[in-house]
Protein chains: 2
Amino acid sequence: MSDDLAARLREQGLRLTPQRELILRAVEDLGHATPDEVLAQVRSQVSSVNASTVYRTLEVLEELGLVRHTHLSDRAPTYHSNREHEHVHAVCRRCRAVTSYEPEVVAPVVERLAADGFAVDVGHLAIFGVCGDCAAKDVGSAT
Amino acid sequence: MSDDLAARLREQGLRLTPQRELILRAVEDLGHATPDEVLAQVRSQVSSVNASTVYRTLEVLEELGLVRHTHLSDRAPTYHSNREHEHVHAVCRRCRAVTSYEPEVVAPVVERLAADGFAVDVGHLAIFGVCGDCAAKDVGSAT
DNA sequence: TTGGATGCAAAGGGTTTGCAAAAGG
DNA sequence: CCTTTTGCAAACCCTTTGCATCCAA
């Protein structure tokens, strides 16, 4: 896996640095994390890394196809390793809970848009709404 | 329509102000617009309105159910009138082109999540990917 | 050796906030 | 009148950039 990093960097004429290894590792360990969280993780692990290096590195890693990002809030994006199975996120606007779904859930949509030549980026998809629990709590409250 | 505004504001014990009328009108006229574009539109129309008033007002209008927003880029959100038919957006990551689709396109997904008690906010949905035109252009280019 | 990578600090875009003045009902 | 709104300016969060230094290859 880290071999992937070395290999892919080389292919692009880019360099393997400790920071890049640490940042990729942090994303893999954290599962889902914002640039800020990645920075904190890396710093807790070892050396002192700069925030701008994290931003630049996440961009490189995404170009190399090793990580992906999606927007689960109106704030910072969330990065995750591309080694995870591709999945779709459902985000509750009330309680912020995030549920992962198999890509099959959106297959009909993907096929429909594919008919128009549009290739959906499933892993980037974030579906917002209100989860069952929160809807239940709303029954009694004023609108 | 503006009657909606007056009525809904009153219901909530809020006040009808020229700024609120102008901002709602601007969103309706622009179709899809960022807070910045709304501000520019309002200023071109009449008085001098402040940016923070635009932010605060868009928030109020959204709570009143008169406007909605979605994220069509990594930058500022896009607001549109709730009088438009509900639709889903497909955004090409390469050329930034935005295509609107009928809600039916995502009906299977909505139903699937509804089975879990999750109510999808269809109007907020932005589906990212690569459109047919851009994919065609890619055929000859290096990865 | 040498171009790519990093750290630092400053700048930048977008949004929020505190507060006093203005104004709707 | 009294409470909501507004404008203003400062603060904020997140991200990007310029530049000198550093270091992987």
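Proteins get letters first, then strands, A, B, ... in listed order; numbering begins at 1 in each.
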How would you list, by chain and number, every residue that makes a side-chain contact (heavy atoms from CB on, under 4.5 Å) with [X], sequence neighbours excluded?
X	value
L9(B)	L5(B), L14(B), L16(B), R20(B), V60(B), L64(B)
P18(A)	none
D29(B)	R25(B), Q41(B)
Q19(B)	T17(B), V49(B), T53(B)

field: Residue whose closest nucleotide on DNA chain D lies nearer the 5' end, L9(B) versus R43(B)
entry: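 Nearest nucleotide further toward 5': that of L9(B).
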
field: ring pair (Phe, Tyr, Trp, His ring centres under 6.0 Å) pairs, two or more places apart, involving residues 27-48 of chain A
entry: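 The answer is H32(A)-H80(A), H32(A)-H87(A), H32(A)-H89(A).
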
task: Report, as a single string ordered 5' to 3', how protein heavy atoms within less than 4.0 Å touch nucleotides 14-24 of chain D: B base, S sugar-phosphate only, - not at all.
output: SBBBB----BB

message: Under the side chain to side chain donor-acceptor pair (under 3.5 Å) definition, can you give me all pairs with a residue in residues 103-119 of chain A, not counting sequence neighbours?
response: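 Found R112(A)-D116(A), D116(A)-Y101(B).
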
- prompt: How bent is the helix from dT1(C)-dA25(D) to dG25(C)-dC1(D), comparing axes over its five end pairs at each side, to the nearest 10°?
  reply: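 The end-segment axes of the helix from dT1(C)-dA25(D) to dG25(C)-dC1(D) are tilted 40° relative to each other.
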
message: For R15(B), give me all partners under salt bridge (charged side-chain N to carboxylate O under 4.0 Å, His left out), at least two apart in sequence or on another chain.
response: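 Not a single residue meets the salt bridge (charged side-chain N to carboxylate O under 4.0 Å, His left out) criterion with R15(B).
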
field: Residues in salt bridge (charged side-chain N to carboxylate O under 4.0 Å, His left out) contact with R56(A), at least two apart in sequence or another chain
entry: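 R56(A) satisfies salt bridge (charged side-chain N to carboxylate O under 4.0 Å, His left out) with no residue once adjacent residues are dropped.
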
message: Surrounding CD of E59(B) (heavy atoms of other residues, nucleotides or ligands, distance under 6.0 Å), is the total greater than 12?
response: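 Result for CD/E59(B): open.
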
Let me have the donor-acceptor pairs involving side chains of residues 68-76 of chain A, under 3.5 Å, with sequence neighbours excluded, atom names and distances please.
unit_1	atom_1	unit_2	atom_2	d
R68(A)	NH2	D121(A)	OD1	2.2
R68(A)	NH2	D121(A)	OD2	3.1
H69(A)	ND1	E62(A)	OE1	3.1
H69(A)	ND1	E62(A)	OE2	2.9
H69(A)	NE2	H71(A)	NE2	3.3
T70(A)	OG1	H124(A)	O	2.7
H71(A)	NE2	D74(B)	OD1	3.1
S73(A)	OG	R75(A)	N	2.9
D74(A)	OD1	H71(B)	NE2	3.0

query: Taking any atom under 4.0 angstrom from a heavy atom of chain B, which nucleotides of DNA chain C are the first and last to qualify, 5' to 3'?
result: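 For DNA chain C, the relevant span reads dG13(C) to dG25(C).
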
